Number of protein chains: 2
Amino acid sequence: MTSRQTRPRDRAERGIPEATVARLPVYLRALHTLQERGVATVSSEELAAAAGVNSAKLRKDLSHLGSYGTRGVGYEVEYLVYQISRELGLTQDWVVAIIGVGNLGRALAGYGGFASRGFRVAGLLDADESIVGQEIAGMTVENIGRLEELIAERGVSIAVIATPAAAAQGVCDRVVAAGVTSVLNFAPVVLSVPDGVDVRKVDLSIELQILAFHEQRKAGGPGDYDALATGEAPPGTAHYVEAVDL
Amino acid sequence: MTSRQTRPRDRAERGIPEATVARLPVYLRALHTLQERGVATVSSEELAAAAGVNSAKLRKDLSHLGSYGTRGVGYEVEYLVYQISRELGLTQDWVVAIIGVGNLGRALAGYGGFASRGFRVAGLLDADESIVGQEIAGMTVENIGRLEELIAERGVSIAVIATPAAAAQGVCDRVVAAGVTSVLNFAPVVLSVPDGVDVRKVDLSIELQILAFHEQRKAGGPGDYDALATGEAPPGTAHYVEAVDL
DNA sequence: TATTGTGAACACCTTCACAGCG
DNA sequence: CGCTGTGAAGGTGTTCACAATA
């Protein structure tokens with residue numbers, strides 16, 4: 001997974017296990033799909049299949065929200081959508097600012113899943129003067145100099161950091177100082193933040209490396225049509241020196 | 001995070017716990033940073049801080065790879081880089097194809113972390129005729145019609161799916177049929193694949209929803225940051241001026 | 001009768017605390 | 001002495017299997 005960086009876990013914070021919270025959005029998406037198809041009721045078995053989990057897990061997850069099913073029947077789709085949305089806080093709108101408008105920032109800005117899911121992008125900010133002023137996904141890119149101002153004026157509560165690695169911590173410090181307590185970080189660095197601020201990280205290179213690990217176990221190497229024949233064990237000292245960032 | 005979709009877990013598959021595997025890339029990145037700074041040795045305490053975990057966890061993780069530290073001293077950075085790289089399968093090159101060349105696909109194609117980390121992007125494919133033929137990050141976008149052909153010719157072993165949701169399952173079926181057994185999915189759908197194929201998913205909307213959940217618990221609603229009011233956060237006068245773009 | 005909701009068992013992960021060793 | 005490596009303890013998460021019930 002994409003990795004975490006949330007505080008140790010305030011168990012009894014409000015009952016719902018973190019692992020369950022992480023799956024609720026998946027259930028919600030599956031339910032939306034069913035809803036579009038006009039399905040009114042689902043069993044845990046069906047919904048679990050659509051969400052890619054097993055049905056016992058699904059039922060236990062939902063049981064943390066309350067008893068919203070009907071024995072012998074299943075769950076009413078619309079009702080469950082509402083309950084999960086409410087639990088996740090999606091019945092209200094969250095104001096998001098995207099900082100860093102390169103290809104990734106653009107992809108995020110144009111992502112349809114935002115508006116429809118309780119998130120409103122209220123700002124695209126960049127430091128590059130040649131990007132500032134451009135129209136992207138219907139918004140004008142603004143200068144990062146106005147970061148604090150915009151966060152306050154527009155009530156931004158979630159900051160999405162899509163800057164190069166070198167800039168990320170600085171931007172993070174600024175948004176936190178401006179009052180933001182939730183950060184979604186796409187830059188390949190570990191951000192340090194004060195207690196009370198949540199950071200979640202999305203890191204594609206980490207995901208690829210995890211895949212590589214498993215792939216290696218399957219075959220013995222990429223393009224491995226000649227197996228582990230030729231020992232790929234290199235000499236005792238190797239040289240890996242590289243720069244890494246977006 | 002970012003969610004998973006790996007098979008239940010073949011414990012005793014080869015010893016290393018999944019949770020550990022997921023952190024090794026983080027350690028590796030921290031080690032590379034240290035290496036660039038010319039640091040030759042780190043203690044578990046220092047490395048753990050750089051990676052954002054606690055030191056006991058770090059030591060236990062590393063202990064699954066072997067005994068690569070020196071009591072009373074710490075770990076030799078270069079040696080540890082090599083050992084972790086080898087464990088993750090990064091001492092060999094993995095051939096990657098990116099399917100779907102919208103903004104996200106472009107961001108991925110331009111991601112420097114690829115080449116430097118044992119991944120070689122050997123193809124950018126798209127179905128849109130107006131995109132096919134474009135030069136992106138030094139490569140020419142090719143027609144998705146040639147998918148199977150290219151996978152075979154170039155020995156692609158990891159497919160990155162960055163298509164719209166509606167196209168993702170179809171593309172996935174094709175890459176799997178062509179022999180790919182590792183898929184990194186950015187499309188917001190649950191892919192179904194046969195046993196033996198690993199899928200990892202990166203889903204930004206899920207991450208945002210998890211943040212919203214926690215944010216809601218803190219305050220009571222978006223825009224409500226006079227709740228934690230008077231406290232701590234001073235006016236946003238900090239001026240870290242840094243370059244920001246992707 | 002079909003399906004939920006859940007106690008109990010199990011598996012996995014994290015943390016503690018200290019023995020072991022350079 | 002300082003720091004690693006790890007057994008043991010304590011959590012958290014998953015799965016099983018069945019009683020409860022619409």
Side-chain angles (χ1 to χ4, degrees), chain A residues 1 3-24 26-27 31 39-77 79-80 83-84 210, chain B residues 1 3-24 26-27 31 39-77 79-80 83-84 210:
Chain A
M1 226 181 40
S3 302
R4 321 246 154 114
Q5 196 180 357
T6 321
R7 66 213 130 110
R9 163 72 66 80
D10 291 345
R11 180 104 306 292
E13 181 179 12
R14 188 44 182 157
I16 302 183
E18 192 62 29
T20 295
V21 171
R23 282 186 296 264
L24 291 179
V26 179
Y27 302 153
L31 286 165
V39 176
T41 294
V42 263
S43 67
S44 62
E45 202 70 54
E46 294 162 332
L47 182 52
V53 302
N54 82 38
S55 65
K57 191 187 280 184
L58 172 73
R59 289 199 300 278
K60 180 136 293 193
D61 282 341
L62 294 183
S63 78
H64 289 114
L65 313 192
S67 271
Y68 298 140
T70 307
R71 290 166 201 242
V73 179
Y75 302 87
E76 205 216 316
V77 174
Y79 186 54
L80 199 49
Q83 291 298 344
I84 295 179
I210 296 170
Chain B
M1 120 179 93
S3 304
R4 322 242 155 119
Q5 196 179 355
T6 321
R7 68 211 127 112
R9 163 71 68 80
D10 291 345
R11 182 104 303 294
E13 181 180 14
R14 189 46 184 156
I16 302 183
E18 192 61 30
T20 295
V21 171
R23 281 185 297 265
L24 291 180
V26 179
Y27 302 154
L31 286 165
V39 176
T41 294
V42 262
S43 67
S44 62
E45 202 69 56
E46 294 162 332
L47 182 52
V53 303
N54 83 36
S55 65
K57 190 187 281 183
L58 172 73
R59 288 198 302 276
K60 177 130 321 197
D61 282 341
L62 294 184
S63 78
H64 288 113
L65 313 192
S67 269
Y68 299 140
T70 306
R71 291 166 199 243
V73 179
Y75 302 88
E76 205 218 315
V77 173
Y79 186 56
L80 199 49
Q83 291 299 344
I84 295 178
I210 296 170

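This one's a predicted model, so the numbers in the text were calculated from it and none came from an experiment. When reading the values below, keep in mind they use all heavy atoms of this one structure, side chains included, and skip hydrogens, waters and symmetry mates.
- Put simply, B:Thr70 has no side-chain N or O that comes within less than 4.0 Å of OP1 or OP2 on D:dT4.
- Side-chain atoms of B:Ala19 lie closest to C:dC13 of the nucleotides C:dC13, D:dT6, D:dT15.
- In this structure, the side chains of A:Val77 and A:Leu47 stay at 4.5 Å or more apart for every pair of heavy atoms.
- For the pair A:Lys60 and A:Gly72, nearest-nucleotide mapping onto DNA chain D gives the more 5' position to A:Lys60.
- Taking 4.5 Å as the limit, every side-chain heavy atom of B:Glu46 sits out of range of all side-chain heavy atoms of B:Tyr75.
- Contact check, B:Ser44 against D:dT4: a side-chain N or O comes under 4.0 Å of OP1 or OP2.
- Rounded to an integer number of Å, the gap from A:Lys57 NZ to C:dG5 P is 18 Å.
- Which of C:dG5, D:dG13, C:dT15 sits closest to the side chain of B:Ala56 comes down to C:dT15.
- Atom CD of B:Glu45 and atom CG of B:Asn54 lie 8.5 Å apart (nearest 0.5 Å).
- Rounding to the nearest 0.5 angstrom, the gap separating the CG atom in B:Asp61 from the OH atom in B:Tyr27 is 3.5 Å.
- In this entry the distance linking CD of B:Glu45 with P of D:dC1 reads 19 Å, nearest Å.
- Remark: P of C:dT6 and CG of A:Leu58 are 14 Å apart, rounded to the nearest angstrom.
- Between A:Leu31 and A:Val42, some side-chain heavy-atom pair lies under the 4.5 Å cut-off.
- In this structure, B:Tyr75 atom OH and D:dC3 atom P are separated by 12 Å, rounded to whole Å.
- Atom CD of A:Glu18 is separated from atom C1' of D:dG11 by 15 Å (rounded to the nearest Å).
- Put simply, OH on B:Tyr68 is 23 Å from P on D:dC3, counting in whole angstrom units.
- Put simply, CG on B:Leu80 is 17 Å from P on D:dC3, counting in whole angstrom units.
- For B:Pro17, taking side-chain heavy atoms from C-beta onward, the closest of the listed nucleotides D:dG5, C:dC13, D:dT14 is C:dC13.
- Between A:Asp61 atom CG and C:dG5 atom C1' the separation is 13 Å, expressed in whole Å.
- The base of D:dT21 lies outside donor-acceptor range of the side chain of A:Arg71, with no N or O pair under 3.5 Å.
- For C:dT15, one of the phosphate oxygens OP1 or OP2 lies less than 4.0 angstrom from a side-chain nitrogen or oxygen of B:Asn54.
- Position along DNA chain D of the nearest nucleotide to A:Arg59 versus A:Arg23 favours A:Arg23 as the more 5'-ward residue.
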